[in-house]
Amino acid sequence: MENSDISKNLLKGFKGTYNELICQDDFSTDGHPLPNRQDQQQVSLGMLSALLLVVDIGLGVQYSKVSEKYGPLYQNLTHISSELEHLRATHSNMIHAKEEALTVLQKELQKVNKTSGQLGSAKHTGMELQRQVESLQGQKMALQSSVNEFVESCGRCLPGWKLLNSVCYYFPLSNSIPLKTWDRSRDSCIKKGADLAIINSEEKQEFINKAIQALRYSSGSWHLTGFWIGLKEEEDKEGTWAWLDGTKLTQGYWADGEPNDDMNNEDCAAIYSKNHPKASWDAMKTWNDAPCRYALKWICEMKAKAA
Ligand code: MMA
Ligand code: CA
């Protein structure tokens, strides 16, 4: 029999008994029970008790069936809910740990930022020092070479001058020395007890060329990169060149196409370390005639002290 059928029958029986007990017209009109009904009522009560016992047993059976069916499910549910509780605890622990790690990370990041700032300024200082070191190295090299020259010349030339045979030469190579016209260049040499250089031999031409090679690749217009020498056109004698010692020019080391007396205004001679614009480099062709008012570098010479 199905559970629902059992319930329906029980309910039917209960209703019948109840009707018998309560709903039947067992009372007289003045409210007193009729004496011949008493036994019947006792019987009915007994039946009702039996019925209730049956209902109770039925419910007990039902309960054991239900608990048999749903007991394992309930156990599972208990297990799952304890698992859930455990997971919740683990989750909140993890969140807490994550927050702590985040705080540590932020502190470390601040440290890194600070360190990288310090590194930047240290780098800047380092670069500045590097520049100073390079500049000092340059100065040291210049001093060293002037000492070397002095030693090489056995003290016969002033420091910074170069000796060839018995003549000392001065080359204002540094770009910090201002350029001068031919006349002012000569004045500057005379003040040092010297004069503009005379290049009257191949040996001197080669020696002087070599000395000014440091400026071979210097920038600037070609015609302004020369060095004045002690060679000038004679007054009113166009085309006649004479050295400052009064001797006439016999062998010139002119660049191709020079001297050209450009604009009829070029009476002074200069030697160049850079290529002539119209010719390739040739150590024996490095002179040009230029206007004496041009501001150029220059070369001085003086007799060396006795050996
Ligand atoms: C040219 C050339 C030279 C001359 C200079 C003057 C660039 O070279 O004609 O012979 O002396 O100009 O600036
Ligand atoms: Ca010229």
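Numbering of ligands and ligand atoms starts at 1, following listing order.
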At a non-hydrogen distance cut-off of under 4.0 Å, which region of H276 contacts ligand 1 (side chain, backbone, both, or neither)?
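Neither; no heavy atom under 4.0 Å.
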
Can you tell me which residue and heavy atom of the protein come closest to [atom], and the distance to 0.1 Å?
atom: atom 10 (O) of ligand 1; value: E258 OE2, 2.5 Å
atom: atom 7 (C) of ligand 1; value: W222 CE3, 3.7 Å
atom: atom 9 (O) of ligand 1; value: N260 ND2, 3.2 Å
atom: atom 6 (C) of ligand 1; value: E266 OE2, 3.3 Å
atom: atom 12 (O) of ligand 1; value: D262 OD2, 4.0 Å

Using the benzene-type ring in the case of Trp, are the ring centres of [X] and [Y] under 6.0 Å apart?
X: Y169; Y: F207; value: yes
X: F227; Y: W298; value: no
X: W241; Y: W254; value: yes

Tell me whether the NZ or CZ atom of K162 lies within the 45° cone about the ring axis of Y170 and under 6.0 Å from its centre.
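Ring-cation test returns no.
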
Does the structure place the NZ or CZ of R156 under 6.0 Å from the centre of the six-membered ring of W161, at an angle of no more than 45° from the ring's axis?
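Judged by the rule (NZ or CZ under 6.0 Å from the ring centre, within 45° of its axis), R156 is not positioned above W161.
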
Flag the pair Q110 / Q106 as yes when at least one side-chain heavy-atom distance between them is below 4.5 Å, and no otherwise.
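They are not in contact (no side-chain heavy atoms under 4.5 Å apart), so the answer is no.
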
Does D261 put an N, O or S atom under 3.0 Å from the Ca ion (ligand 2)?
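Coordinating: no.
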
Hey, is there an N, O or S on D262 sitting under 3.0 Å from the Ca ion (ligand 2)?
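For D262, the answer is no, given that no N, O or S atom comes within less than 3.0 Å of the Ca ion (ligand 2).
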
What class does the angle between the rings of W222 and H276 fall in, given that below 30° is parallel, 30 to 60° is tilted and above 60° is perpendicular?
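Ring orientation of W222 relative to H276: perpendicular.
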
Mark up the atoms of ligand 1 that fall under 4.0 Å of a heavy atom belonging to D289, in ascending order.
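Answer for ligand 1: 11 (O).
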
Numbering as shown, the atoms of ligand 1 that approach Y294 to under 4.0 Å (heavy-atom distance):
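Per the distance check, 6 (C), 13 (O).
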
Modelled atom types, side-chain donor and acceptor of D183 and T181, under 3.5 Å:
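Looking only at side-chain atoms, T181 and D183 do not form any donor-acceptor pair under 3.5 Å.
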
Using only heavy-atom distances, determine whether the side chains of E134 and Q130 contain a donor-acceptor pair under 3.5 Å.
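There is such a pair between these side chains.
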
Looking at atom 4 (C) of ligand 1, tell me if a protein heavy atom falls under 4.0 Å from it.
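Protein heavy atoms within 4.0 Å of atom 4 (C) of ligand 1 - there is at least one.
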
Identity of the N, O or S atom of E258 lying closest to the Ca ion (ligand 2)
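For E258, the N, O or S atom at the smallest distance from the Ca ion (ligand 2) is OE1.
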
Please name the atom of E266, limited to N, O or S, that comes nearest to the Ca ion (ligand 2).
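Answer by atom name: OE1.
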
Have a look at the Ca ion (ligand 2) and estimate, to 10 degrees, the angle subtended by OD1 (N260) and OD1 (D289).
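Here the angle at the metal atom is close to 80°, to 10°.
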
